[in-house]
**Q** 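Following this message is one structure expressed as structure tokens.
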There are 2 protein chains.
Amino acid sequence: MSLPHAILTALLEKPSSGLELTRRFDKSIAYFWPSTHQQIYRELGKLEAEGFIRALPSAQPARGQKKSYEVLPAGREELARWTAAPQDPKPLRDAMLLRMRAAAVVGTAGLAADMRRHLELHEGQLAVYQEIEKRDFPPGRDTPQDRLRHMVLRAGIDLETFWAQWLAEALKNIPDFEPDGPES
Amino acid sequence: MSLPHAILTALLEKPSSGLELTRRFDKSIAYFWPSTHQQIYRELGKLEAEGFIRALPSAQPARGQKKSYEVLPAGREELARWTAAPQDPKPLRDAMLLRMRAAAVVGTAGLAADMRRHLELHEGQLAVYQEIEKRDFPPGRDTPQDRLRHMVLRAGIDLETFWAQWLAEALKNIPDFEPDGPES
DNA sequence: CACCTTTTTGCAACTAGTTGCATAAGGGTG
DNA sequence: CACCCTTATGCAACTAGTTGCAAAAAGGTG
């Protein structure tokens, strides 16, 4: 139940059409809440039906024609409500950990190679985030809004750093063994 | 596409009925791959139909009657294949980060309280994991299987530590401000 | 202007996970 | 043995996200 609120946030930052929204998403919000244009169009329709946003009157609603949306007061209130409401953190669900656990039973053949690949992917993502940090958060400017957005980015940076370190450490310790299976 | 493989792993560790499986899941695998008994029964049916597991002949298949499963060779091979096959890490998707980003637009009222609650939840989960570590991985025993399972647990411990620290740090820096809304 | 490509919007079907409930058997209690 | 509670299995409907594709308009090219 979070995508609609992600869209409200983005539209409050700047009214946009579906496609503009998709592109802006890809450059920021999608880093911690990925979504596709199909999903976004669907949600825009629902949000409009619920009276949270409305199409800017400028363009008429036809296929292949840009249609921009802006947030209505009810939408802003809903976003504020949702932001402040308690929500339980969703539990961890990570396939790599599952594979390591499986490897304890069926052997580690092949797994280490993919761990090395993941390590590189995380380091790559880390570099992307650090580039964004350098560009968007130079030392100096420090509005409350900047600080909040910077904290979110820091979480991304620190998480990628975490996984890179964990994978590097795990790779050092990974034993290469065959399963004690029925074939022995 | 990972639950069936989680089940195969658990069944290889020990053949079980649906309910036993559910309980054993809750004590270990569910920490990084949560699931419900409904899901597990459904997957057991599919795995049996695919020839990866079979019901132990001891008990007849009737409702309200225990039915235990064991893994067939084809199931072990499928698990080994899946474990070794490359798989992309799934991107981050975290509602708390989204809420912080939203708070930059609609204000931080109420959010800090829930961040404090999350901080406590993460600390609680950390304590649970540390208890498990003390119980299941005393210094000394060090088979390859133990080391892999211990690494998985360490990831859980380190992740909870990470979030607790991040939340504590964010709380120190969170500005308390009202939105620059249409009411001003 | 006829044709093709790109942009923008969107539908439909599928997948994985969640929630709510049902039904059958076993086991104890009056 | 009639009743009820617990254990074990499972179906059905719903939710959120993914994948594949298509159709309308805009804009360029011969």
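Here is the naming used below: chain letters follow the sequence lines, and residue numbers restart at 1 for every chain. Computed from a predicted model, the values in this text were never measured in an experiment.
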**Q** Could you write nucleotides 12-18 of chain C as a row of B, S and -, 5' to 3', where a protein heavy atom under 4.0 Å of any base atom gives B, of only sugar-phosphate atoms gives S, and otherwise -?
**A** ----SBB
**Q** Would you kindly give the CD1-to-P distance between A:Ile40 and D:dT19, to the nearest whole Å?
**A** 15 Å
**Q** Kindly state which residues belonging to residues 18-31 of chain A come within less than 4.0 angstrom of DNA chain C, counting heavy atoms of the residue only, listed by number.
**A** A:Gly18, A:Leu19, A:Arg23
**Q** Would you confirm whether A:Arg147, through its side chain, and B:Asn173, through its main-chain N or O, come within 3.5 Å as a donor-acceptor pair?
**A** yes
**Q** Let me have the donor-acceptor pairs involving side chains of residues 6-34 of chain A, under 3.5 Å, with sequence neighbours excluded, atom names and distances please.
**A**
from	atom 1	to	atom 2	distance (Å)
A:Thr9	OG1	A:His5	O	2.8
A:Glu13	OE1	B:Arg101	NH2	3.3
A:Glu13	OE2	B:Arg101	NE	3.2
A:Glu13	OE2	B:Arg101	NH2	3.4
A:Ser16	OG	A:Lys14	O	2.9
A:Ser16	OG	A:Arg24	NE	3.4
A:Ser16	OG	A:Arg24	NH2	3.2
A:Ser17	OG	A:Glu20	N	3.4
A:Glu20	OE1	A:Ser17	N	3.1
A:Glu20	OE2	A:Lys66	NZ	3.4
A:Thr22	OG1	A:Gly18	O	2.8
A:Arg24	NH2	A:Ala10	O	2.7
A:Arg24	NH2	A:Lys14	O	2.9
A:Ser28	OG	A:Arg24	O	3.3

**Q** Any ion pair linking A:Arg154 and B:Glu169 (charged N to carboxylate O, less than 4.0 Å)?
**A**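 Salt bridge: no.
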**Q** With a 4.0 Å cut-off on N to O distance, would you call B:Glu120 and B:Arg117 a salt bridge?
**A**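 Salt bridge between B:Glu120 and B:Arg117, a charged N being under 4.0 Å from a carboxylate O: no.
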**Q** What is the distance, to the nearest angstrom, from the CG atom on B:Leu47 to the P atom on D:dG10?
**A** 13 Å
**Q** Are any of the side-chain heavy atoms of B:Phe137 and B:Arg149 separated by less than 4.5 Å?
**A**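 Yes, at least one pair of side-chain atoms sits under 4.5 Å.
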**Q** For B:Glu70, is there an ion pair with B:Arg54 - N to carboxylate O distance below 4.0 angstrom?
**A** yes
**Q** Could you state the NE2-C1' distance from A:His37 to C:dT8, rounded to the nearest angstrom?
**A** 9 Å
**Q** Please lay out, stage by stage, how A:His118 and B:Gln87 fare under the test side-chain hydrogen bond (donor to acceptor under 3.5 Å, both in side chains).
**A** CA-CA 9 Å; A:His118 278 218; B:Gln87 234 182 293; over 6 Å; no
**Q** Taking 4.0 angstrom as the limit, do B:Asp94 and A:Lys90 come out as a salt bridge?
**A**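 Salt bridge: no.
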